[in-house]
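Comments concern the structure below.
Here, residue 1 is the first one in the sequence, and each next residue gets the next number. Start at 1 and go down the list; that is how both ligands and their atoms are numbered.
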Amino acid sequence: MRTLITNIKELHQTESDSSSINRLAGADMATVPKIENAWLLAENGLIHSFGYMDQLRESNADEIIDATGRLVLPAWCDSHTHIVFAAPREGEFVDRIKGISYEEIARRGGGILNSARRLNDMDEEQLYDQSLERLQKVMAQGTGAIEIKSGYGLCLEGELKMLRVIRRLKEKVSIPVKASFLAAHAYPAEYKQNKEGYIKLIIDTMLPAIAGEGLADYMDVFCEEGFFGIPETERLLEAGWKYGLKPKIHANQLHYSGGVQTGVKHQALSVDHLECVGEAEIAALLGSNTMPVLLPGAAFFLGIQYQPARKIIDAGLPVCLATDYNPGSCPSGNVPLLLSIACTQLKMTPDEAINAVTINGAAAMELENEMGTIKPGKRANLILTNKISSLAHIPYDYGNNPVYMLLA
Ligand code: NIG
Ligand code: FE
């Protein structure tokens, strides 16, 4: 199958055959390379070639898409989501408006434990149907690769159910899906007085079962005061590594917890959230390959401080953006809206924000050789925009969907 896209107003994030960009950091994030008045040929789902319209020699295609007035860019790579969940939590949203904090709701047995009760009551089929619906919705908003976490099971059966749903989603949709094992998301109520028992359950029972079925790509821990501390996080990450699961962890959302340094020490692929980032966190990241992933949608929705994106980029580090789509802290997987928040609140430029959610998003899921730039041989998972004036129009036109079509 050959698909030729012609008359592209601007083709963004182009990369030549000879270069190999894995991720962009610091000042290199400032620009998204583009060519104007372009064509692109996709063959069997991969980018075959591209160039300027006035040099187009290809016309042999099964399908021709005229992209007059439209931009084409690599699809979003959303490297942090929890889209497999059973029920929304708008009651807690109202409680927070009235002044009860996210942490207090969690202490009272709401939050993640609320989601765990609902998930364990739901059968796999219904969970799959709902999750697929959410996934298709974010694909219509341009998401072309996604990571999805477990972590609302909090028992062997529940975690297996979630990860099996994620595996079925992987088989169903045409975009790459990565799975992270997040049993260390909260202590279940029955282990409140026996935290060691839950850590042992994860390490001795859940991990072997999940690895045995090949259900997870990564190991995640909610490393945070009141959730999993540094010693527990270290044990869990070491245990995950024994099964080949690289860490991708929740760190420094609510406190300067040392989570970033712990992630770096254990060679995490990414440390995610990062509302609380100071000099020590930046120093740790500078000597590492660990990707800082910012989730400003969660900060927006919880009304907490935003991540210091400028400080991180200006230190020469990469920044990745992801949605964190989940029923508690960010019930939205809308990447265009995320870009608007990143630009207006984190003061990232539109080009920086788009780099953060294309090539850097790909890197945060080890998909940098397949996704994230327009390069021959990479997947042709592409966004065709509505007829818009420029790339900056995407975050500018906030709340609206710029996507005309996702090719995947
Ligand atoms: O990334 N912080 C921990 N986990 C999720 C929220 C989970 C929930 O509230 O259901 C997050 O924000
Ligand atoms: Fe999260």
Side-chain angles (χ1 to χ4, degrees), residues 78-93 95-96 100-120 127 131 134 138 146-154 158-159 162 166 178-188 218-229 232-233 236 247-255 257 259-260 263 268-276 291-307 320-333 338 341 361 364-365:
D78 190 356
S79 68
H80 181 136
T81 81
H82 310 244
I83 67 163
V84 176
F85 60 85
R89 304 208 309 254
E90 66 267 33
E92 294 177 4
F93 166 63
D95 287 344
R96 280 192 294 100
I100 309 173
S101 73
Y102 181 74
E103 285 168 286
E104 180 55 27
I105 290 168
R107 268 196 297 276
R108 294 179 187 184
I112 295 164
L113 295 187
N114 178 357
S115 283
R117 283 190 294 275
R118 303 295 294 267
L119 185 127
N120 283 304
L127 191 61
S131 306
R134 282 181 209 119
V138 298
I146 195 165
E147 181 260 15
I148 310 172
K149 299 174 191 302
S150 70
Y152 293 128
L154 309 184
E159 290 293 307
M162 287 190 79
I166 299 171
K178 297 277 185 154
S180 298
F181 173 52
L182 177 58
H185 201 188
Y187 289 99
Y218 303 115
M219 178 80 185
D220 201 339
V221 175
F222 185 15
C223 177
E224 188 60 69
E225 284 176 29
F227 291 84
F228 294 82
E232 293 79 18
T233 301
L236 289 159
K248 265 178 85 63
I249 67 168
H250 286 72
N252 293 51
Q253 178 185 14
L254 307 171
H255 300 98
S257 60
V260 168
L269 179 59
S270 69
V271 285
D272 302 25
H273 264 298
L274 309 190
E275 281 81 349
C276 302
M291 176 67 77
V293 177
L294 311 187
L295 310 173
F300 167 76
F301 195 69
L302 294 180
I304 63 174
Q305 62 182 320
Y306 284 102
Q307 298 82 1
C320 169
L321 289 165
T323 63
D324 198 21
Y325 191 177
N326 76 77
S329 65
C330 186
S332 165
L338 166 72
I341 297 173
M365 294 185 274

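Taking the six-membered ring where the residue is Trp, the centroids of Y187 and F228 are separated by under 6.0 Å. Aromatic ring centres of Y152 and H185 lie closer together than 6.0 Å.
When the side chain to side chain contact (heavy atoms under 4.5 Å, CB included) test is applied to E275, the partners found at least two apart in sequence or on another chain are Q253, H273, A299, I304, Q305, Q307. Residues passing the side chain to side chain contact (heavy atoms under 4.5 Å, CB included) test with P188, sequence neighbours excluded: L154, E190, Y191, Y198.
Note on the Fe ion (ligand 2): protein N/O/S atoms under 2.8 Å are H80 NE2, H82 NE2, H250 NE2, D324 OD1.
Side-chain contact, E147 with S180: a donor N or O sits under 3.5 Å from an acceptor N or O.
In this structure, R134 places its CZ atom where more than 12 heavy-atom neighbours from other residues, nucleotides or ligands lie under 6.0 Å away.
Ion pairing between E104 and R108 holds under the 4.0 Å rule for side-chain N and carboxylate O.
Ligand 1 is surrounded by H80, H82, R89, Y102, I112, Y152, H185, F222, H250, Q253, H273, D324, N326, G328, S329, each with at least one heavy atom closer than 4.0 Å.
Checked against H250 for a side-chain hydrogen bond (donor to acceptor under 3.5 Å, both in side chains), the options E224, H80, K149 give a single hit: H80.
Atom CE in M365 sits 8.0 Å away from atom CD1 in I146 (nearest 0.5 Å).
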